[in-house]
Each structure stands twice: as C-alpha cells, then as structure tokens.
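Lettering follows sequence order; numbering is per chain, from 1.
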Amino acid sequence: MERAVFYLNNIHLDTSESKIPTLKLFGKTEDGKKVCAITSKVKDYLWVVTNANIKELENYELETHEGLCTVEKVVIKEKMLDGQKVMAAQVWVNNPKLTGYLGSVLRKTEKFSQVYEDDIPFIQKYIIDHDLKSFSKVAVTGNKIPRTGFKVDELIQMREIENANGETAKPVVLAFDIETYNPRKEVFVRGNEIIMISFKSSKGFSKVITWKKFEGGENVEFVEDEKALIQKFFKTLKEIGPDVLVGFNSDAFDIPSIMDRAKKFGVKQVAGLDGTGFKVVRSSSGPAIWINGITHIDLYPFFSRTMADRLKTDIMSLNRISKEVLNQSKKSLDYEKINELWASDNPKDICEYCLTDAELTLKLFEKIFPVMMEFSKTVQQQVFKTCRATYGNLVEDYLLKENPNFNELRKRKPSKEEFIKRRKTSFKGGYVHEPKPGLYQNLAVFDFKSLYPSIIISHNISPSSLMKGKKEDGHAVPEEDYWFAKKPVGMIPKILEELVNRRIGIKRIMKDVDVKSSQHAILDARQYSLKIIANSFYGYLGFPKSRWYSIKCAKAVTSFGRDYIKKIIEQSKKAGFEVVYADTDSVFIYKKKSVFRSARKTYEKFLKQINESLHGFMKMDFEGLYKKGLFISKKSDLVGAKKKYALLDEHGNLVIKGFEYVRRDWSPLAKKIQLKVLKKVLAENASKNAVKLVKNELKKLRLGKTPLKELIISVQLKKKLENYSSIGPHVAAAMKAEKKGYFINPGMLVQFIIIKGEGSVSEKAFIYEQVKKEDLKYDPEYYVYKQVLPSVKRILDALNVKEEKYLSSQSKEDLTSFIK
DNA sequence: ACATACCGGGG
DNA sequence: GTGTACGGTATGT
C-alpha cells in the first residue's frame with residue numbers, strides 16, 4: 001500500500017471503456033509529478049422516505065441495458081424533510097451511473113415512491129461527501145499499477161481518499177488562441193482552415209505556429225501544412241504539460257475548430273493525461289470542453305455572467321474586457337484583413353495579432369483565477385464547473401453542499417411538467433420607477449446594501465416557516481395574506497445568514513490588509529463570491545428549475561422589497577430631490593441646479609439621514625456620483641425604458657447599458673452614429689454637434705453617397721434554406737443569391753443590403769456581393785427610417801430635440817422626391 | 001396580434 | 001437525466 005498526497009486537478013467518472021464506471025482523479029504532487037488515482041469500486045446512494053418494510057429493498061436487483069443494478073446496503077436513518085422528522089432509508093447502489101434509473105423505477109412503486117437525492121450528479125455528491133476542493137491537497141492510499149496508456153508519472157489503484165488540506169497549488173497555465181481562414185464568411189467552425197495557433201504559458205513559453213513561411217517573425221515556428229499544425233497543437237500541449245488550459249470562447253470556437261480539423265485530417269486527439277481527447281460535455285452555458293487531468297477554462301462565460309456586474313463594459317469581447325481589466329487592447333485587425341493577408345501569403349501581422357490574444361488571455365486568467373477559485377471553494381465544486389455556472393447554479397450548489405449540516409433530504413429537480421407549470425407562474429418583481437427621458441446632471445445613485453438577502457434573513461423567509469404558527473406572531477407579508485413564523489429559523493435564511501456573516505467578517509479583516517497585496521485580492525475575491533451568491537438567493541427561489549423553488553417565498557421577498565424602496569422614494573421627494581429612476585433596490589436622484597463639487601456633500605448628508613431612519617439590518621450605500629446621466633424612452637411609449645441608460649462618471653468614463661450598437665444585425669452606419677451621438681451628448685456636452693452629425697449622415701445617405709460597406713447587415717443562416725417557414729430578409733437574400741450561383745451554406749453569415757424598389761424588406765434584401773456586382777442602389781428610405789433613426793431617435797428625443805431638426809424641415813414626400 | 005428567428009463571444 | 005440560457009427586437013404571416 002502506498003500513500004500519495006497531491007493537488008487535485010480534476011475528477012470524473014469514465015464510462016468509455018467498460019460498463020463498470022471508473023472514477024479518475026488527476027493531480028500533481030508538490031514536486032510537480034503528475035498522478036492519477038483510479039477506482040471502479042465506487043458506490044452511490046439515494047434516499048427513500050417510507051414506513052414500509054425495507055426488506056424488499058435489501059436484495060433489490062434491476063436489469064438494465066447498462067448492466068445489473070444491485071442494492072448493496074440499506075441503512076435506516078431519521079432525516080428532516082421541510083423541517084419535519086421522517087424515517088428514511090439510504091439505499092446504496094453498486095453502479096453510480098444507474099442511481100437515477102433505479103430512482104425512476106422505485107418512484108413508480110407504491111411503497112417506495114418518495115425517492116430523494118437520486119438526481120444529484122454522482123461527482124457532485126462525491127466531492128461534497130469527501131470534502132474535496134479543486135487544486136487543494138488530497139491524500140490517496142492504494143497500490144501503484146502499470147501506467148499503460150497514461151501520460152502520468154504515477155498511476156494508483158485507489159482504496160481510500162481524504163482531504164489533506166493545506167495550501168492550494170499554483171497551476172502551470174497555458175493560454176492559446178487560433179486564427180482561421182474564412183473567405184466564405186461561415187460563422188461556425190465547419191470547413192474553416194486553421195491557419196495558426198499561438199501559445200503563452202505562465203512559465204514564459206511564447207510561440208505562434210503557422211504553415212505559411214515568411215521572413216522575420218518573432219516567436220514564430222513554421223510547420224509543413226495544416227495537418228502538421230494540428231499535430232503540433234497536441235504535441236505542445238503534451239510538452240508544456242499545463243494544469244490549466246485557458247482560452248477565450250474556447251468552448252464554442254477554438255477547441256471545436258481544432259476537433260473538427262483533427263477529424264478531417266485523421267489526427268488522433270491526445271489531450272488528456274490518460275491519452276483521451278477533448279470531450280464535449282454539457283454545462284449551463286452550453287457545450288463545454290472537458291480534458292481528463294487538465295482543467296480547461298473558458299474566460300468568456302465567467303466574465304459575461306459572473307463578472308458582468310463588476311465590469312463597466314456592456315460588450316464582453318476579449319478586447320473590451322482586456323481594456324478595462326488590464327488596461328491593454330488587442331492588436332486591431334478585422335477578420336477581412338486576416339483573410340486578405342493570408343490569401344496574399346503575408347501572415348506576419350496575423351501572427352502578432354494571434355500572439356497578443358494568447359497573451360491577453362493569459363493575463364486575464366492570472367488576474368481572475370483567484371476569483372474563480374473562491375467561487376469554486378465557496379460552493380465546493382470543480383472550478384471547471386463553477387466558472388461556467390449561472391447564478392442559479394451557484395446558489396443550488398451552495399445549498400447542496402451546506403444542506404447535509406441540517407440533516408435535510410435534498411430536494412429533487414422539478415419534473416418536466418412541474419417545470420412547465422412553474423414557468424407559467426409569473427409574479428410581481430421589484431418596483432420600478434420609470435425614468436422621465438432626459439439628460440440629468442450630477443446624479444447620485446444609492447442602493448440598498450444586500451436588500452433581498454437582508455429581507456430573507458430578517459423575515460425568516462423559508463418554505464419551512466411559511467404559514468407556521470399564528471399570523472400575529474409571524475412576519476406578515478405586505479400586500480399578501482400569508483406570513484412566516486419567526487421561529488425556528490429555516491434552512492435557507494440560516495444558510496444565507498451564515499454566508500452574509502462570513503462576508504462581513506472578511507470585509508472586517510480586509511480593512512487591516514494592504515490594498516495592493518495579493519492577500520487583499522484573495523479576500524476581495526472571497527467576499528465577492530459570497531456577495532454574488534447571497535444576492536442570488538432570491539432569484540433562485542423564483543427560478544423554475546430550482547430544487548428549493550418556492551413561489552410564495554420569492555413573492556414575499558419582492559413584496560417586502562417594494563415596500564422598502566417606495567419608502568426611500570418618498571423620503572427623497574420630501575427632502576427636495578428629484579427621483580429620476582429607481583429599480584428594485586436602487587434610486588437615481590438629483591437636485592436641480594446642483595454643482596458637481598458640492599453635490600457629493602449634499603448627497604452624503606441625505607444618505608446619512610436615510611440610514612438613520614432605517615432599521616438595524618437595512619442600509620443604503622452610495623453607489624456612485626455621475627456627472628451626467630441620459631435616460632431614454634421606450635420605443636413608442638412615453639415612459640422610459642428599463643435598464644437603458646448612459647452615464648458619465650466622475651472620471652469621465654462612459655457607462656453605456658442596453659443600447660443596441662453592439663449587434664452585428666445592425667448596419668455599421670447605425671452603430672457608428674449611435675455611439676458618436678452618445679459620446680457627443682455625454683462626454684463632449686454638445687447635443688448641437690450631435691444633431692449636426694446626424695443631419696450630415698442623413699444627407700449623405702439620401703444622396704446615395706454612403707459607402708455600401710457601412711450599410712451591410714449581417715445575419716447568420718442557421719438552417720438549410722428549405723427549412724425556413726418564415727422568410728426573413730437574410731433568408732430571402734440567400735435564396736436569390738443561390739439562384740444566381742453564389743455559394744450558400746447553412747452556418748454562413750449572410751451579409752445583405754436593402755435596395756431600392758417595391759415590396760417587403762425581404763423582397764428588397766440582396767447579398768452584398770450581388771449588389772456590388774450588379775451595381776444595385778441601396779434604399780435610402782430603409783436606412784433612414786429603419787436603421788439610423790431608430791438608433792438615435794430615442795437619444796435625441798430624450799434631449800427634446802424634435803425630429804424635424806435633423807430629419808429635415810421638409811415633409812417626408814418632399815424628401816422622397818429629393819432622393820430621386 | 002402572434003409566430004419566428006436572431007443577437008451575444010470567437011474568425 | 002427530468003431540463004438543455006435568456007431577454008430583447010425586427011420582420012413575416
């Protein structure tokens with residue numbers, strides 16, 4: 001027997017080789033040796049709540065197409081279910097893959113229909129039950145066995161495993177990026193050549209590999225052809241032997257591309273430490289790529305959901321995130337230029353571009369990894385899973401992990417029918433005070449500190465306390481006829497309170513730590529992970545897929561919340577402030593004729609007054625002071641749109657939320673004008689210039705002088721042409737193009753122009769190439785009224801600029817004649 | 001009014 | 001595996 005202590009990298013249950021699943025744990029020792037521990041002797045369990053004689057269960061056997069499922073042991077225990085004591089049988093199963101199936105069979109029986117915990121993924125239970133953590137030490141006992149096929153230093157037939165605590169490992173990281181040649185504008189991976197791959201490692205490895213030779217590139221290595229490039233990718237992965245492979249959108253783009261090309265050239269994928277290739281697994285953000293023994297991190301899902309609230313940018317591209325987080329931009333090179341350079345055998349600039357992307361990816365990873373790790377530790381799941389999780393997943397994982405401390409049976413996920421039923425049930429959300437469109441000066445934003453968590457804790461909002469005891473003794477819900485008992489404290493408020501208290505404790509410690517130290521960064525990451533999870537409890541209660549879903553609890557939370565925010569609005573008005581906008585837990589207020597310099601003092605004084613009037617646990621924070629705020633109206637409504645505003649902060653940064661200029665199905669012209677107008681209005685303080693700009697652009701457009709390229713609308717063709725039941729403009733354009741002999745393929749990006757003529761938008765849509773070749777004229781009317789106007793109208797409306805000012809003083813009819 | 005289809009990230 | 005993101009918008013029918 002041997003004992004090996006190593007940092008755990010990843011765990012999974014492998015069913016590829018035989019019907020008996022093998023548990024594989026990968027990691028590395030302190031001195032950097034790679035280890036894999038395997039075992040096929042893992043047992044899983046489920047719970048059955050029953051008063052029936054359990055003898056029948058003890059020797060239960062079930063034939064399945066995946067082998068025999070046998071019950072190996074049954075243990076009776078007293079458990080809690082919704083705060084009530086129940087007798088339950090813990091049923092141990094020989095094969096973890098069959099637990100769910102056994103559960104579904106038992107559920108159909110009369111005696112054993114109340115089945116629990118059969119739907120918790122085995123690995124998740126295993127990690128919780130063995131107290132394991134990503135990149136933390138584990139101690140394994142077992143026998144060394146021959147390493148046949150494994151790319152590790154040691155392979156162990158595992159008997160036992162335990163958490164060995166201690167420091168977490170600093171992983172060896174390899175960041176990568178690919179470039180593809182895509183002259184036919186297919187958006188998706190199929191059929192596109194990979195022309196180069198770049199690498200940057202945490203150990204200083206830096207290289208671009210490509211298959212067209214040129215003079216004088218730095219860190220460039222040339223290979224014979226694309227096949228050799230793909231082979232080189234796997235070879236490099238093996239040579240560097242990273243603990244973490246990181247990309248940006250690599251789940252959806254880089255790795256699927258590599259897999260696709262490897263298949264085409266018959267290159268065997270050897271990525272995992274057991275010689276296996278990439279594996280496509282389901283994650284809550286869509287398909288994800290798993291590698292045995294290496295943690296694959298895709299930065300995109302983590303930034304675009306978990307970190308989104310912390311970023312100013314609304315656009316989650318590598319460039320924008322790098323700019324904000326690292327203060328470093330991508331090399332600018334648009335994809336048409338990439339195609340052009342490659343076609344003309346001049347890939348040098350592409351190489352530099354590619355390497356910069358890998359470098360930014362590595363830097364972003366290094367910056368954000370502590371945060372990912374804190375999330376992973378907090379919910380006790382593998383970082384692979386946590387960094388792709390939705391808020392709901394994080395709460396659910398946290399509850400699954402904390403729940404055993406309460407001896408409660410963990411709830412099941414809803415059935416399909418239940419899910420559909422829940423989804424139909426809507427309820428009133430937070431209170432929204434619609435903004436009056438306009439540009440405001442010196443705005444203050446206050447928000448309740450953890451409004452919903454505070455409400456849940458202080459009103460004991462929990463399924464187990466719902467309508468227990470007498471109404472007079474409980475917390476009555478505003479506008480509703482139900483209540484929550486004050487005691488005993490329910491599982492959800494209890495877990496949440498512990499979480500909030502932990503965060504308070506961390507924040508207290510942080511005060512005495514140097515802001516620039518790495519310890520501070522870690523503590524900040526930890527408190528942030530706790531904050532995100534705490535703030536998501538409410539959403540979780542009302543999320544139809546939740547195990548601990550409770551519509552009454554969710555309703556109660558928003559009901560209390562509306563009560564609180566309305567009181568703040570009233571108080572603000574009484575104190576002589578104008579309330580511009582309020583949403584759920586925040587208010588945007590201002591005072592007419594205020595001066596920026598003195599505004600902060602005024603607001604701070606008022607905030608203090610608010611806080612003095614609030615009960616103990618409720619508190620409002622000063623979220624920010626903005627020099628300017630632009631609120632715009634809904635499309636055709638008088639009241640303003642929700643979450644659509646642009647702010648200019650104290651340092652002159654623009655914060656733009658919810659404007660459409662980011663989308664590719666808008667013409668570059670509309671996007672460009674919208675952004676310019678916003679900048680002029682907010683940053684340059686010149687709405688006159690904005691009007692002038694719009695006027696000029698419209699004039700150009702009407703004279704037919706706008707370059708065609710600026711008018712291209714790009715929409716992806718997602719299906720075969722014959723499968724469309726509704727023929728939208730991109731489909732119609734593609735159909736016409738195909739008849740003319742153009743290459744049309746599902747997956748491609750249809751770039752079209754709306755041309756002059758009669759009929760619907762679809763009838764007037766033609767692909768860009770055809771418009772160019774046949775010298776068709778674009779339709780100024782369409783671009784004026786369907787592209788440019790919608791993008792700026794609401795902004796200028798908010799500033800009380802009348803349409804005529806920029807559209808023209810002439811009538812529409814006159815304009816049409818003008819165009820002719 | 002309702003249904004359908006697409007956006008995001010990546011080249 | 002019981003479910004496969006989601007909220008917003010334009011255009012067709």
Side-chain angles (χ1 to χ4, degrees), chain A residues 97-101 103-104 107 118-122 177-189 192-196 247-257 282-287 298-305 308 314-321 333-339 342 350 353-354 357 361 388-393 412-420 422-423 543-545 547 634-635 641-644 658 660 662-666 713-719 723-732 749-750 754 760-763 765 786-787 790:
Chain A
K97 279 272 157 179
L98 302 175
T99 314
Y101 184 62
S104 69
R107 198 163 302 111
D118 59 320
D119 65 344
I120 304 170
F122 170 72
D177 179 49
I178 70 164
E179 304 304 323
T180 60
Y181 180 56
N182 187 11
R184 292 201 289 207
K185 302 193 175 84
E186 284 154 317
V187 188
F188 263 139
V189 294
N192 290 332
E193 281 178 327
I194 298 177
I195 58 177
M196 65 183 68
F248 192 93
N249 207 21
S250 43
D251 274 341
F253 181 71
D254 300 71
I255 295 183
S257 297
R282 291 207 171 283
S283 83
S284 30
S285 53
D298 181 351
L299 294 176
Y300 170 65
F302 189 69
F303 274 104
S304 64
R305 11 172 118 218
D314 217 15
I315 301 163
M316 292 297 157
S317 64
L318 178 60
N319 188 40
R320 294 294 290 269
I321 295 171
L333 195 65
D334 65 44
Y335 80 94
E336 278 170 353
K337 190 80 187 160
I338 292 174
N339 291 333
W342 184 255
I350 317 175
Y353 171 85
C354 189
D357 279 8
T361 304
R388 292 170 174 86
T390 61
Y391 293 143
N393 299 144
R412 304 190 80 254
K413 290 186 195 171
S415 65
K416 194 180 177 181
E417 295 72 34
E418 175 65 17
F419 171 71
I420 291 166
R422 287 180 185 181
R423 205 170 42 179
F543 171 53
K545 269 194 240 171
R547 290 173 190 268
K634 272 185 200 159
K635 201 180 149 201
K642 211 173 152 183
K643 288 189 178 101
K644 212 167 217 185
E660 52 272 89
V662 294
R663 298 166 57 116
R664 71 169 177 229
D665 54 358
W666 280 81
I713 300 163
S714 304
V715 179
Q716 193 186 3
L717 196 64
K718 302 263 243 195
K719 325 187 244 192
N723 292 343
Y724 279 92
S725 60
S726 177
I727 313 297
H730 72 300
V731 183
L749 193 66
V750 182
I754 304 301
S760 67
V761 178
S762 287
E763 285 169 299
K786 297 287 181 176
Q787 291 282 323

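The ring-ring contact (aromatic ring centres under 6.0 Å, His included) search around A/Y391 returns none, not counting sequence neighbours. When the side-chain hydrogen bond (donor to acceptor under 3.5 Å, both in side chains) test is applied to A/S283, the partners found at least two apart in sequence or on another chain are A/S285.
To the nearest 0.5 Å, atom OG of residue A/S284 and atom NZ of residue A/K545 are 8.5 Å apart. Atoms CG and OH, on A/D177 and A/Y353 in that order, are 7.0 Å from each other to the nearest 0.5 Å.
Note on A/T390: nothing from the nucleic acid sits closer than 4.0 angstrom, heavy atoms only. Using a 4.0 Å heavy-atom criterion, one finds that A/D298 contacts no nucleic acid atom at all. Within the 4.0 angstrom heavy-atom criterion, only backbone atoms of the sugar-phosphate kind lie near A/D357; the bases stay farther away. Within 4.0 Å of A/S104, counting heavy atoms only, lies no atom of the nucleic acid at all. Across all strands shown, A/F248 has heavy atoms under 4.0 Å from sugar-phosphate atoms exclusively, and none from any base. Within 4.0 Å (heavy atoms only), A/F543 reaches sugar-phosphate atoms of the nucleic acid but no base atom. Residue contacts shown for A/S317 are limited to sugar-phosphate atoms, with no base heavy atom under 4.0 Å away. A/D119 comes within contact range of at least one nucleobase, with a heavy-atom separation under 4.0 Å.
In this structure, the CD atom of A/E763 is 14 Å from the P atom of C/dT11, given to the nearest Å. Rounded to whole angstrom, the span from the CZ atom of A/F303 across to the C1' atom of B/dG10 amounts to 16 Å. The distance from atom CZ of A/R664 to atom P of B/dG9 is 10 Å, rounded to the nearest whole Å. Between A/K545 atom NZ and C/dT2 atom C1' the separation is 11 Å, expressed in whole Å. Here B/dG10 presents its P atom at 13 Å from CG of A/L333, a figure rounded to the nearest Å.
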Could you write out each protein N or O paired with an N or O of nucleotides 2-5 of chain B at a distance under 3.5 Å?
{"residue": "B/dA5", "atom": "OP1", "partner": "A/K719", "partner atom": "NZ", "Å": "3.2"}
{"residue": "B/dA5", "atom": "OP1", "partner": "A/S725", "partner atom": "N", "Å": "3.2"}
{"residue": "B/dA5", "atom": "OP1", "partner": "A/S725", "partner atom": "OG", "Å": "3.2"}
{"residue": "B/dA5", "atom": "OP2", "partner": "A/K719", "partner atom": "NZ", "Å": "3.3"}

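Here B/dG11 is the nucleotide among B/dG11, C/dC6, C/dT11 with the atom lying nearest to any side-chain atom of A/Y353. Set against B/dC7, C/dT2, C/dT11, the side chain of A/D665 has B/dC7 as its closest nucleotide. Across C/dT4, B/dG11, B/dC7, the shortest atom-to-atom separation from the side chain of A/R282 is found for C/dT4. In the set C/dG12, B/dG10, B/dC7, the nucleotide with an atom closest to the side chain of A/A252 is B/dG10. Closest to the side chain of A/S760, out of C/dT11, C/dG12, B/dC7, is C/dG12. Taking only side-chain atoms of A/T180, from C-beta outward, the nucleotide of B/dG11, B/dG10, C/dG12 with the closest atom is B/dG11. Taking the side chain of A/R412 as heavy atoms from C-beta on, and the options C/dT2, C/dT13, C/dT11, the nearest nucleotide is C/dT2. The listed nucleotides are B/dG10, C/dA10, B/dG9; the one nearest the side chain of A/M316 is B/dG9.
A salt bridge is defined here as a Lys NZ or Arg NE, NH1 or NH2 lying under 4.0 Å from an Asp or Glu carboxylate O, and A/R412 with A/D118 meets this definition.
Across the P atoms, C/dT4 and B/dG8 are found 23 Å apart, a figure rounded to whole Å. Spacing between B/dG9 and C/dC6 at atom C1', rounded to whole Å, works out to 15 Å.
Side-chain atoms of A/D298 come within 3.5 Å of backbone N or O of A/D251 as a donor-acceptor pair.
Between the base of B/dG10 and the side chain of A/R320 there is no donor-acceptor pair shorter than 3.5 Å.
With no hydrogens or angles considered, a side-chain donor-acceptor pair links A/T390 and A/N393 at under 3.5 Å.
Taking only side-chain nitrogens and oxygens, A/Y300 never comes nearer than 4.0 Å to OP1 or OP2 of B/dG8.
In terms of position on DNA chain C, the residue among A/P414 and A/R305 whose nearest nucleotide sits closer to the 5' end is A/P414.
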